[in-house]
2 protein chains.
Amino acid sequence: MSQTIEQIKSEFIEGMSSMSQFSGFPKGMGASFAVLYLSPNPLSLDDLVEHTGLTKGAISTNVRALARLGLVRSVSRLADRKDYYEAETDFYKAIRAILKERKNSEFDRAVSSVKSALAELEADSGSGDEAERLFLRKRLQALQSFFDAVDSLTSAVTRLEGLGLNTVQSVLKILK
Amino acid sequence: MSQTIEQIKSEFIEGMSSMSQFSGFPKGMGASFAVLYLSPNPLSLDDLVEHTGLTKGAISTNVRALARLGLVRSVSRLADRKDYYEAETDFYKAIRAILKERKNSEFDRAVSSVKSALAELEADSGSGDEAERLFLRKRLQALQSFFDAVDSLTSAVTRLEGLGLNTVQSVLKILK
DNA sequence: TACTACATTTAGTACGTACTAAACGTACAA
DNA sequence: TTGTACGTTTAGTACGTACTAAATGTAGTA
């Protein structure tokens, strides 16, 4: 195997590690995905250990996380006890999965807390400073409508089956 | 000032803190922004210290970070040495600023590393396993076109001056 | 000049978390 | 049954980072 190809590979793996870390995921997750993405055939945990330099335990948890996100699929081979994994190559599919995952996250809880705050504000409309109450209402409503827009966007994306380049391109036309 | 209004405020502050943390920013950044966002008038660092419970040092760095992202503006009052700050209320504007900021980040460096990997791959086309070289090219090209789509999207957004609800809504129509 | 009221920066600390090493569980094989 | 080849879980560690407390600017004021 050529020297430069190995170089290119390991640069890519490092790049995906940084990217993963930057996005809030473990570095090892990015590295594992990168290795799988550059492999023509499914790899075992031991293969990943070899190519990433991480421990089997770390690989195990990272790959499981990737699988939960839909970025990696497990492939079982008959008459082979090992689990093999391959990378998802349809990124739009993967993005949808990640967005879906995040729906139940801390982020969404915060968003819905704004909604409930507004509801409470309307509820006991008698007490407290009336001017401040009005101001708060306005601010919270503005924030909520922003959140709603973001929410509609992401949930629209997750609902899509056939999101692909053509969809993205028509969106780009509007933004142009 | 009513008890329940104070409650609503502090719940909101806590929610924004969690949200901030989840998005990869310090909790204190979210808290500072939340306090400013709920205040009818600009606040000093000492005001923020009082309302968040953090130290002045922490507040200082957090507010500066918020200002760099365009989520907060400093307001100087004549004949007053204190700096005052107010929250940006146009979130679409803020989003654009954040996206712009991220253009020079680790994320983008990783993206461009894919591009250069492809270039290198084409360059020394003589050496190494030909089948693997072809496979790598295909995979890297697929990844790059995905990154390009994302990149066009975000840079289109940052270029927009008048991005608002109407734009978002027409995008939503397509995704529908 | 020295003083005051700020903001910023720095040294140190506490905490979360991704990792390693090793114990454990589990299923197939002899 | 024991042995073996896996994957997973756990206890401990190392590291990054957001914070506190305190020192250090810095610009107005007497």
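Just the heavy atoms: all of them, side chains too, but no hydrogens, waters or symmetry mates, feed the values below. Residue numbers start from 1 in every chain, and the chains themselves are labelled A, B, ... in the order their sequence lines are given, proteins ahead of strands.
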Can you measure [X] atom [atom1] to [N] atom [atom2] for me and round it to whole angstrom units?
| X | N | atom1 | atom2 | answer |
| --- | --- | --- | --- | --- |
| A:Leu43 | D:dG7 | CG | C1' | 16 Å |
| A:Tyr84 | D:dG7 | OH | P | 9 Å |
| A:Lys82 | D:dT4 | NZ | P | 17 Å |
| A:Asp46 | D:dG7 | CG | C1' | 10 Å |

For nucleotides 16-30 of chain D, give me one character per nucleotide, 5' to 3': B if any protein heavy atom sits under 4.0 Å from the base, S if the only such contacts are to the sugar-phosphate, - if neither. --SSBB-----B---
Identify, with sequence neighbours excluded, every residue that meets side-chain hydrogen bond (donor to acceptor under 3.5 Å, both in side chains) alongside A:Asp46. A:Lys56
Residues in side-chain hydrogen bond (donor to acceptor under 3.5 Å, both in side chains) with A:Arg81, at least two apart? none
Here's a test for you: under salt bridge (charged side-chain N to carboxylate O under 4.0 Å, His left out), which of A:Arg133, A:Arg137, A:Lys115 qualifies with A:Glu122? A:Arg137
Nearest to side-chain heavy atoms of A:Leu45, which nucleotide of D:dC6, D:dT8, C:dA7: D:dT8
Check whether any side-chain heavy atom of [X] lies under 4.5 Å from a side-chain heavy atom of [Y], and answer yes or no.
| X | Y | answer |
| --- | --- | --- |
| B:Glu11 | A:Glu120 | yes |
| A:Phe12 | B:Leu143 | yes |
| A:Asp151 | A:Val111 | no |

Please list all pairs passing the side chain to side chain donor-acceptor pair (under 3.5 Å) test where one or both residues lie in residues 64-80 of chain A, with sequence neighbours left out. A:Arg68-A:Glu101, A:Arg73-A:Glu86, A:Arg73-A:Glu88, A:Asp80-A:Tyr84
Scan residues 68-76 of chain A against DNA chain D and write down, sorted by residue number, each residue with any heavy atom closer than 4.0 Å; if none is found, say none. none
So the ring pair (Phe, Tyr, Trp, His ring centres under 6.0 Å) pairs with at least one residue in residues 26-55 of chain A (sequence neighbours excluded) are A:Phe33-A:Tyr37, A:Tyr37-A:Phe91
